[in-house]
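Below is one structure, written out as structure tokens; the observations come after it.
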Amino acid sequence: MGSVSPLTFTVLRDTKPEDTTLPAFVVSTTRGFLPRQDPITKLPAEFDILESILSRMPLKTADGSPGLLQAGTLGETVLIELPDLTWAVNKYADNLPLQNALYRDYSFLASAYLLEPCHERYMKGEEYGLGRQTLPTMLSLPIARCAELAGFKPFMEYAGSYALFNYRLEDPKRGLEYDNLRLIRAFENGLDPKSSEAGFVLVHIDMVQNSGPLVEGVVLALDACAASDRGAFNDGMDKVATAMIKVNKVMETMWGKSKPSDYNSFRTFIFGITSQSMFPHGVVYEGVSEEPLSFRGESGANDSMIPLCDNLLQITMPDTPLTNILQDFRSYRPGNHREFLEYVKDRSLQVALKSYALQDASSSALYILAMNQVRDFRWRHWCFTREYILKKTSHPTATGGSPIVTWLPNQLQAVIQGMVDVYEANGKKLGEEVDAVMEQTIRQREMLSKEVEKYCKERNVGSN
Ligand code: HEM
Ligand SMILES: N[C@@H](CC(=O)c1ccccc1NC=O)C(=O)O
């Protein structure tokens, strides 16, 4: 009676790269949230026509010549050339990493097909207007099938498609070094590795390649807390903060690798359906559903590193409609990522990680320093949003469908508040390093409030 059985979750140490019966995405201490093996680049021969359309698709193709999106002929090309290849998708049903590659490729084509008219208007300096409202069977049927097999919704996602399953190594021997990374698929100029589209995606890969030690730190902190092992707990928390320092350092390279002035042209193709003016009634997936369907678009909100930290550290978000969007985003990710995040959330509560940390001054300081990395990430992120989006476009919703001015600050203010609460609960006596961090944090809180107020006024939007 009374004892609660410990929750368990298996994090891979060996990613079993040759095993095609496991999904492409399984969390590990070595590759963290990256796929178990580098993404498949070459589809089986049955899909040659899909490959052909995708390689002709980008505004600028691999050989530098203008592609179908530049000519505005992608839609008609799909309708004329692409047969329904669902039978071929089924033929490879047992190979899950291959299904993931098919899902990536069909989702690129589906997004380009749906948003091509918006891109044309954007290039003429007009509003996005409406996208195509129907996905025809040669796209809807195979994407529904491979998405089901690979464990995704039938619309482009951050991990399974656009970002984390969209890189290849130019020289396999050099591994995941930034300069050795190339995109597999692109909408605009992304096949040129120096382009802003390539830089935008590849910086995400470069960050997530540091998530293995983050996962390791989280597992260590949880297990040590359960065993009341203070030394090991502090090591785990330190590992978490150190991994996030590295992630944040790489994040800073975004400014140089992807220019704010280039962002909005390839961005058109990564919008979703949910809460977007381009798809006011959803999209009809012909032959899949009588009712129109709606999915959120591409977003880093579907990355798993920050939700992992939120769940471990028990960061409390306010009870607002904005927080509901955050919860909804958590369903747009590989199944195993989702299960791991749920496990960490439940286990952290079960072992009362936060109160365990606050029972000891050194653990409290480490807890604040880990939170500080989450704050640092979200603050830089707010700066990105200001420079790449708010200063460049008045479109009110982000690609994932969240309100552009207020959503990110909802979470950033919550982290800041969490830090202030822990600092004050410790009588502000956690050493000089923490004092300096808190001084900066409180200054930032004021700056953020003022900025958000200014943008809300300018754009005539409420604060939540
Ligand atoms: C130029 C760079 C970036 C811009 C302009 C940008 C923009 C945005 C926007 C507007 C959102 C709101 C969500 C939505 O789509 O509705 C968002 C969410 C998010 N993005 Fe980014 N992002 C950038 C880079 C990154 C990078 C490099 C990462 C790293 C993984 C990232 C991770 C996230 C996360 C975790 C969220 C959810 C925020 C939260 O939980 O508070 N973003 N991003
Ligand atoms: N929500 C962002 C885009 C975005 O979030 C994103 C999209 C694809 C891949 C990574 C992303 N990273 C950042 O959040 C936007 O509205 O532009």
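Hydrogens, waters and symmetry mates play no part in the numbers below; they use all other heavy atoms, side chains included. Each ligand, and each atom within it, is numbered from 1 in the order the structure gives.
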query: Going by the angle between their ring planes, with limits at 30° and 60°, are H204 and F200 parallel, tilted or perpendicular?
result: perpendicular
query: How far apart are the C-alpha atoms of Y332 and Y158, what are their side-chain angles, what is the distance that settles it, and do they pass the ring pair (Phe, Tyr, Trp, His ring centres under 6.0 Å) test?
result: CA-CA 8 Å; Y332 290 78; Y158 163 86; over 10 Å; no
task: Might you confirm whether atom CD of E433 has over 12 heavy atoms from other residues, nucleotides or ligands at distances under 6.0 Å?
output: no
task: Using a 4.0 Å heavy-atom cut-off, say whether V203 meets ligand 1 through its side chain, its backbone, both or neither.
output: neither
message: Using only atom types and a distance under 3.5 Å, with no angle test, would you say the side chain of E170 pairs donor to acceptor with the backbone of N180?
response: no
message: Among F279, F155, F152, exactly one meets side chain to side chain contact (heavy atoms under 4.5 Å, CB included) together with F295. Which residue is that?
response: F155
message: Give the atom numbers and elements of ligand 2 that come within less than 4.0 Å of a heavy atom of Y162.
response: 8 (C), 9 (C)
statement: Among non-hydrogen protein atoms, atom 26 (C) of ligand 1 lies closest to H204 NE2, 3.1 Å
query: Looking at F200, which atoms of ligand 2 are within less than 4.0 Å of one of its heavy atoms?
result: 6 (C), 8 (C), 9 (C), 10 (C), 11 (C), 12 (N)
query: Within the distance-only criterion (no hydrogens, no angle test), does the side chain of R13 pair as donor or acceptor with the backbone N or O of T29 below 3.5 angstrom?
result: no
task: Check whether more than 12 heavy atoms from other residues, nucleotides or ligands sit under 6.0 Å from atom CD of E424, and answer yes or no.
output: yes
message: Between ligand 1 and R378, is the shortest N or O to N or O distance under 3.5 Å?
response: yes
task: Please say whether Y263 places an N or O atom under 3.5 Å from an N or O atom belonging to ligand 2.
output: yes
task: List the closest protein heavy-atom neighbour of atom 20 (N) of ligand 1: residue, atom name, distance to the nearest 0.1 Å.
output: H381 NE2, 2.6 Å
- prompt: For ligand 1, which part of I389 has a heavy atom less than 4.0 Å away: the side chain, the backbone, both, or neither?
  reply: side chain
statement: Per-atom filter on ligand 2: closer than 4.0 angstrom to a heavy atom of H381 are 14 (O)
query: Is V208 touching ligand 1 with its side chain, its backbone, both, or neither, if touching means heavy atoms under 4.0 Å apart?
result: neither
- line: For Y158, the ligand 2 atoms with a heavy-atom partner under 4.0 Å come out as 9 (C), 10 (C)
- line: Honestly, for I325 the part within reach of ligand 1 (heavy atoms, under 4.0 Å) is neither
- prompt: What protein heavy atom sits nearest atom 2 (C) of ligand 2, and how far off is it?
  reply: T399 OG1, 3.3 Å
task: Enumerate the atoms of ligand 1 whose separation from the nearest heavy atom of Y388 is less than 4.0 angstrom.
output: 1 (C), 5 (C)
query: In terms of atom number and element, which parts of ligand 1 are under 4.0 angstrom from non-hydrogen atoms of L326?
result: 40 (O)
Atoms of ligand 2, numbered as shown, that sit under 4.0 Å from any heavy atom of A398: 16 (O)
message: If you measure every N or O of H204 against every N or O of ligand 2, does any of those distances drop under 3.5 Å?
response: yes
statement: Note: D303, heavy atoms under 4.0 Å from ligand 1, region reported as side chain
field: ligand 1 to S402 polar contact by distance, N or O atoms, under 3.5 Å
entry: yes
- line: For G401, the atoms of ligand 1 under 4.0 Å from one of its heavy atoms are 16 (O)
message: Salt bridge or not between D376 and K249? Use side-chain N to carboxylate O under 4.0 Å.
response: no
message: Is there a side-chain hydrogen bond (donor to acceptor under 3.5 Å, both in side chains) between E451 and W382? Walk through the geometry before answering.
response: CA-CA 10 Å; E451 272 190 300; W382 166 251; 3.0 Å; yes
message: Working note: H395 + F271, criterion ring pair (Phe, Tyr, Trp, His ring centres under 6.0 Å); need CA distance, chi angles, decisive distance, verdict.
response: CA-CA 11 Å; H395 188 73; F271 276 97; 5.2 Å; yes
Stepwise salt bridge (charged side-chain N to carboxylate O under 4.0 Å, His left out) check, R145 with E148: CA-CA 5 Å; R145 183 65 181 137; E148 181 192 5; 3.1 Å; yes
message: In this structure, does ligand 2 have an atom that sits under 4.0 Å from one of the heavy atoms of F384?
response: no
- prompt: Using 30° and 60° as the class limits, which term best fits the ring planes of F9 and F340: parallel, tilted or perpendicular?
  reply: tilted
- prompt: For K354 and D421, what are the C-alpha separation, side-chain angles and deciding distance, and is it a salt bridge (charged side-chain N to carboxylate O under 4.0 Å, His left out)?
  reply: CA-CA 12 Å; K354 184 172 174 184; D421 290 347; 6.0 Å; no
query: Can you list the atoms of ligand 2 that are under 4.0 Å from a heavy atom of I270?
result: 7 (C), 8 (C)
Proximal atoms of ligand 2 relative to G300 (non-hydrogen, under 4.0 Å): 4 (C), 5 (O), 6 (C), 10 (C), 11 (C), 12 (N), 13 (C), 14 (O)
Contact atoms of ligand 1, heavy-atom distance to F200 under 4.0 Å: 1 (C), 2 (C), 3 (C)
Neighbour count >12 (heavy atoms, 6.0 Å) for atom CD, E127: no
message: Run the salt bridge (charged side-chain N to carboxylate O under 4.0 Å, His left out) test on D105 and R185 for me, step by step, so that the C-alpha distance in whole Å, both residues' side-chain angles and the decisive distance to 0.1 Å come before the verdict.
response: CA-CA 8 Å; D105 289 351; R185 302 293 179 207; 2.9 Å; yes
Which of the ligand 1 atoms, numbered from 1, are nearer than 4.0 Å to a heavy atom of A398: 10 (C), 12 (C), 14 (C), 15 (O), 16 (O)
message: Yes or no: does Y388 have any heavy atom under 4.0 Å from an atom of ligand 2?
response: no
- request: Take F108 and F269 through the ring pair (Phe, Tyr, Trp, His ring centres under 6.0 Å) test and state the conclusion after the steps.
  value: CA-CA 9 Å; F108 260 85; F269 296 106; 9.7 Å; no
query: E446 and K450: salt bridge (charged side-chain N to carboxylate O under 4.0 Å, His left out), yes or no, with the steps?
result: CA-CA 6 Å; E446 305 310 318; K450 282 193 190 132; over 6 Å; no
query: For ligand 1, does R296 get within less than 4.0 Å through its side chain, its backbone, both, or neither, judged by non-hydrogen atoms?
result: neither
query: Out of S299, A301, G297, whose heavy atom is nearest to atom 37 (C) of ligand 1?
result: A301
query: Under 3.5 Å, is there a donor-acceptor pair linking the side chains of R333 and S304?
result: yes
message: Can you name the atoms of ligand 1, numbered from 1 with element, that are less than 4.0 Å from a heavy atom of W407?
response: 12 (C), 13 (C), 37 (C), 38 (C)
message: Would Y263 count as a polar contact of ligand 1, with the cut-off being nitrogen or oxygen pairs under 3.5 Å?
response: no
task: Give the intermediate values and the outcome of ring pair (Phe, Tyr, Trp, His ring centres under 6.0 Å) for residues F266 and Y263.
output: CA-CA 6 Å; F266 62 87; Y263 181 61; 5.4 Å; yes
query: Counting both backbone and side chain atoms, is some N or O of Q411 under 3.5 Å from an N or O of ligand 1?
result: yes
task: Check each atom of ligand 2 against the heavy atoms of I389 and keep those under 4.0 Å away; list them by number with element.
output: 15 (C), 16 (O), 17 (O)
task: Report, in ascending order of atom number, the atoms of ligand 1 lying under 4.0 Å from any heavy atom of M207.
output: 27 (C), 29 (C)
- request: Show which atoms of ligand 1 fall inside a sub-4.0 Å distance from at least one heavy-atom site of I404.
  value: 10 (C)
